[in-house]
Engineer: 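Structure provided below as structure tokens; questions to follow.
Just so we're on the same page: letters track the sequence lines, and every chain starts at 1.
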Amino acid sequence: MALPSSPFTSKASAFHIPPESNPPCSLLQKHPSLSLLSGCKNMETLKQIHAQFIKFGLHNTHFGLSKLVGFCALSPSGNSNYALLIFDAIENPTEILWNTIIHGYALSSNPELALEFYVKMVSLGNYPNSYTFPSLFKSCKKLMAAQIGKQVHGCVVKLGLDNAVSFTALIGGYVSRGCLDEARELFDGIPVRDVVSWNAMISGYAEVGRFGEALSLFENMWKLNVTPNESTLVSVLSASLAVFRHMQLERVEPNDVTFLNILPACAHMGALDMGRWIHVYINKNCHHLQNSSLWTSVIDMYAKCGSIEAAKQVFFGLETKSLSSWNVMISGLAMHGNGHGAIDLFSKLIEEGIEPDDVTFVGLLSACSHGGLVELGRLHFSSMVQDYKIQPKLPHYGCMIDLLGRAGLFDEAKSLLECMDIEPDGAIWSSLLGACRIHGNLELGEYAASSLFKLDPNNHGAYVLLSNIYAGAGRWNDVARIRTMLNDNGLKKVPGCTSIELDSVVHEFLVSDRTHPQSEDIYRMLDEIDRRLEMAGHVPNTSEVHYDMDEEWKEGILSQHSERLAIAFGLISTKPGTTLRIVKNLRVCGNCHSATKLISKIFNREIIARDRNRFHHFKDGCCSCMDYW
DNA sequence: CTAGGGTTAG
């Protein structure tokens, strides 16, 4: 249905300002039939109640009518036609009735009707109030009608309605269009903010991946102000302090929705301290959330922050385990390279009589792939199709291609690729390309790369992988050619960035970064690391540097990779023996991988590193991935 | 009596 256009543009706009607000119309009646409505479950009962209303004369009261229309228009088991039928028979509908109808349409699949009704309401001389606007904003959001949304916005401003609800709905509209800075401006201007307003803003940041801002906004709910500087991204103060401050200051209390938004942000940032604190908080304050899917997010957070043991503890402590909680646990084990653990858990799930879904198998197959369990991977893949009647989707094929490719079984990978009933996506070609890099398969690598470029010419990572393959083969001309291609296409490298959380503060490092306040000490430590690595016989493998530079320069760059900086910072900032946890946005390079193994031994530190794909637990000179990644 | 925020599983 077309949007009403004229009323919004003409002089006699629906968005003009009323001379004064209407007096509230309240007609409260007490009658036994009214209590019937609260238990009303479906339209059939509603019609009986309606009949009762007529019998006792309640159908002429605004209160009774509001209740009836409210159920029909707003309840999921209601009926908007019936609501309209009642509504149309009312001579002078109250604001409440108009608002209810408008809200009903805002919730429906025809939100444009809400706007139409609003126009009708105003043209009949009724004025909108603070209850009207949130529904209108919701409709505009659904319809992606930014212009109309702005007009409604203007109207709210002119009317001077300064309640949080209208503002929050408006923020929701801006957030949904990705206009976060505008949303933030509004948010900062709300006279009174409550949890829902905070949640709207936090979820906006989290949704578009501005996790740092989401986290710091969360922190600000208690005004735990820490001064951030350019090189450190402050996430939150220590947990106990936060709770204490929270109790002292009467700040807005977060709720389950807040955590639902914040936990994934912690997971992405690897902010374990903060995640842990939220977990404690939920345990203490949210007893009513026993069976909430919030726990799934907690498990996922622990797994992604490198604490797989804590994830297990939460998972096994759950009274009722939803399929999603099984799924995140299996995927978590997969991420940590614990293939057998994932498979065992899958068997348990089957024993408990739970029906796995396609997501379960993505986790299971990726566990096989990260654990190098070729035979088991094949087995579960065919079992998925035959026993569980689940059609493989792209991620399943992706896991299998990854599994076979890493194992160097290129013929089998190719034949699987050929018999797929779906077009392979970029992820599949990337896996194959990655496998070709590991095994130095130049021919297939070139093919995978060209397929990938067709799908996504701007995939910087693909150029790097291909270039690495050429570099490994000493084909420096081709390396240079790729570099030119990158420049010609104006592609910028995603800068490698590693973060480390210390005392609840997340510190981020880029390659050769010197912006950290403790930069001097960090570089002194880097020299020390280099010296001791050399003593231990570490020979930097420069083959993955995709520029043809002289060896010494390459080594220089290698030892200043972002992960090395984060580790050096971790070494100088923590007590001997403390486990270091780092998070990298890209895949760890081969050189850093072997260097980190040695560092774990030389400095006697366990180093848990998350890269783009998975976790590496470095200990005593070995890595949990068994060099298989 | 009517209004705003909602994740996770490669």
Side-chain angles (χ1 to χ4, degrees), chain A residues 24-29 34 37-38 61-71 73-74 94-104 106 129-138 141 161 163-173 175 190 194-204 206-207 255-265 267 292-301 303-304 322-332 334-335 357-367 369-370 393-402 425 427-428 430-431 612-614:
Chain A
C25 177
S26 57
L27 235 156
L28 251 155
Q29 302 260 341
L34 280 175
L37 259 171
S38 53
T61 69
H62 288 299
F63 184 76
L65 286 169
S66 302
K67 288 292 237 177
L68 282 174
V69 173
F71 179 86
L74 303 177
T94 57
E95 288 171 305
I96 292 173
L97 280 162
W98 283 104
N99 289 341
T100 307
I101 294 285
I102 290 171
H103 184 213
N129 62 19
S130 59
Y131 283 80
T132 322
F133 293 116
S135 302
L136 296 179
F137 287 134
K138 192 175 207 138
K141 180 166 134 181
L161 294 171
N163 69 95
V165 183
S166 295
F167 271 96
T168 305
L170 183 54
I171 287 170
V175 159
I190 303 182
D194 61 11
V195 217
V196 184
S197 335
W198 285 92
N199 288 349
M201 202 59 235
I202 289 172
S203 80
E207 216 166 274
N255 61 14
D256 51 334
V257 178
T258 318
F259 298 128
L260 237 29
N261 284 305
I262 274 305
L263 282 167
S292 166
S293 54
L294 201 49
W295 298 109
T296 306
S297 296
V298 173
I299 296 166
D300 188 58
M301 178 278 296
K304 291 215 173 103
S322 66
L323 181 58
S324 346
S325 64
W326 286 91
N327 288 350
V328 291
M329 195 62 237
I330 290 174
S331 301
M335 233 184 298
D357 65 0
D358 54 327
V359 181
T360 319
F361 279 97
V362 174
L364 188 65
L365 295 175
S366 87
S369 144
H370 287 304
K393 294 186 189 156
L394 279 170
H396 304 107
Y397 285 119
C399 291
M400 288 311 287
I401 303 271
D402 196 53
D425 66 351
I428 289 185
S430 298
S431 303
R612 215 195 161 93
N613 275 348
R614 59 166 295 161

Engineer: Over how many whole Å does the gap from Met201(A) atom CE to dG6(B) atom P extend?
Structural biologist: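 About 12 Å, once rounded to whole Å.
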Engineer: Between dG4(B) atom C1' and Phe133(A) atom CZ, what is the distance in whole Å?
Structural biologist: 14 Å
Engineer: Can you tell me if Asp300(A) and Ser297(A) form a side-chain donor-acceptor pair at under 3.5 Å?
Structural biologist: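 No, because no side-chain N or O of Asp300(A) sits under 3.5 Å from a partner of the opposite role on Ser297(A).
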Engineer: Regarding Gly398(A), tell me which of base, sugar-phosphate or nothing describes its non-hydrogen contacts under 4.0 Å with the strands shown.
Structural biologist: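 Answer is base: heavy atoms of Gly398(A) come under 4.0 Å of a base.
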Engineer: How close or far is atom C1' of dT8(B) from atom CG of Asp300(A), stated in whole angstroms?
Structural biologist: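 Atom-to-atom, Asp300(A) to dT8(B), this comes out as 5 Å.
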Engineer: Using whole Å, report how far CG of Asp357(A) lies from P of dT8(B).
Structural biologist: 16 Å
Engineer: Would you say dG4(B) has OP1 or OP2 under 4.0 Å from some side-chain N or O of Lys141(A)?
Structural biologist: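 Checking Lys141(A) against dG4(B): no side-chain N or O falls below 4.0 Å of OP1 or OP2.
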Engineer: Take atom CD of Glu207(A) and atom C1' of dG6(B), then tell me their distance rounded to the nearest Å.
Structural biologist: 10 Å
Engineer: Side chain of Phe63(A) only, heavy atoms from C-beta on: which candidate in dC1(B), dG4(B), dG6(B) is closest?
Structural biologist: dC1(B)
Engineer: For Val257(A), report the nucleic acid contact type (base, sugar-phosphate, nothing); a contact means any heavy atom under 4.0 Å.
Structural biologist: base
Engineer: How would you label the contact of Asn129(A) with the nucleic acid (heavy atoms, under 4.0 Å): base, sugar-phosphate, or nothing?
Structural biologist: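 Nothing, no heavy atom under 4.0 Å.
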Engineer: If you look at every heavy atom in Leu97(A) and Ser66(A), which pair is closest and at what distance?
Structural biologist: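 Taking every non-hydrogen atom into account, CD2-CA, 3.9 Å.
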Engineer: Over how many whole Å does the gap from Lys304(A) atom NZ to dT7(B) atom C1' extend?
Structural biologist: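 It is 10 Å, rounded to the nearest whole Å.
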Engineer: If you check the Ser366(A) side chain, which of dT8(B), dG10(B), dG4(B) turns out closest?
Structural biologist: dG10(B)
Engineer: Hey, does Asp358(A) reach any base, or is it just sugar-phosphate, or nothing, if we go heavy atoms under 4.0 Å?
Structural biologist: nothing
Engineer: Has the side chain of Thr296(A) got a donor or acceptor atom sitting under 3.5 Å from an opposite partner on the base of dT7(B)?
Structural biologist: no
Engineer: Side chain of Ser130(A) only, heavy atoms from C-beta on: which candidate in dA3(B), dT7(B), dA9(B) is closest?
Structural biologist: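 Of dA3(B), dT7(B), dA9(B), dA3(B) is nearest to the side chain of Ser130(A).
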Engineer: Could you check whether Ser197(A) gets within reach of a base, just the sugar-phosphate, or nothing at all, counting any heavy atom under 4.0 Å?
Structural biologist: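 It contacts base atoms.
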Engineer: Just to be sure I understand the rule, does Ala267(A) reach a base, reach only the sugar-phosphate, or reach nothing, if contact means heavy atoms closer than 4.0 Å?
Structural biologist: nothing
Engineer: Between the side chains of Thr168(A) and Ser197(A), does any donor sit under 3.5 Å from an acceptor?
Structural biologist: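 There is such a pair between these side chains.
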Engineer: Can you figure out which of dG4(B), dT2(B), dG6(B) approaches the side chain of Thr100(A) most closely?
Structural biologist: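 That would be dT2(B).
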Engineer: Does dG10(B) have OP1 or OP2 sitting under 4.0 Å from an N or O in the side chain of His370(A)?
Structural biologist: no
Engineer: Can you list the residues that meet the side chain to side chain contact (heavy atoms under 4.5 Å, CB included) rule with Asp425(A), with sequence neighbours excluded?
Structural biologist: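 With neighbours one apart ignored, the set is Leu394(A), Ala427(A), Ile428(A).
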Engineer: So, does His396(A) use its side chain to make a donor-acceptor pair with the main chain of Asp358(A) at under 3.5 Å?
Structural biologist: yes
Engineer: From the list dG4(B), dG6(B), dT7(B), which nucleotide is the closest neighbour of the side chain of Asp194(A)?
Structural biologist: dG4(B)
Engineer: Kindly point out which of dA9(B), dT7(B), dT2(B) is positioned nearest to the side chain of Leu74(A)?
Structural biologist: dT2(B)
Engineer: Counting any heavy atom closer than 4.0 Å, what does Ser324(A) reach on the DNA or RNA strands: base, sugar-phosphate only, or nothing?
Structural biologist: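 Ser324(A): base contact, heavy atoms under 4.0 Å.
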Engineer: For the side chain of Ser135(A), starting at C-beta, report the closest nucleotide among dG10(B), dG6(B), dA3(B).
Structural biologist: dA3(B)
Engineer: Between dA3(B) and Lys138(A), is there an OP1 or OP2 to side-chain N/O distance shorter than 4.0 Å?
Structural biologist: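 So the side-chain polar atoms of Lys138(A) never come under 4.0 Å of the phosphate oxygens OP1 or OP2 of dA3(B).
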Engineer: Tell me which nucleotide among dG6(B), dC1(B), dA3(B) gets nearest to the side chain of Val165(A).
Structural biologist: dA3(B)
Engineer: Distance check needed: dT2(B) P versus Leu97(A) CG, whole Å only.
Structural biologist: 11 Å
Engineer: Specify the separation, in whole Å, of atom CG of Leu263(A) and atom P of dT8(B).
Structural biologist: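 That distance rounds to 10 Å.
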Engineer: Looking only at heavy atoms, which two atoms of His370(A) and Asn613(A) are closest? And how far apart?
Structural biologist: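 Here His370(A) and Asn613(A) meet closest at NE2-O, 4.0 Å.
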Engineer: Check every atom of dG6(B), dT8(B), dC1(B) against the side chain of Asn261(A) and return the nucleotide holding the closest atom.
Structural biologist: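 So the nucleotide nearest the side chain must be dG6(B).
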Engineer: What about Asn99(A): does its side chain form a donor-acceptor pair under 3.5 Å with the base of dT2(B)?
Structural biologist: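 Yes.
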Engineer: Give a yes-or-no answer on whether the side chains of Asn327(A) and Ser324(A) include a donor-acceptor pair shorter than 3.5 Å.
Structural biologist: no
Engineer: Leu260(A) has a side chain; which of dA3(B), dG10(B), dG6(B) sits nearest to it?
Structural biologist: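 For the Leu260(A) side chain, the nearest candidate turns out to be dG6(B).
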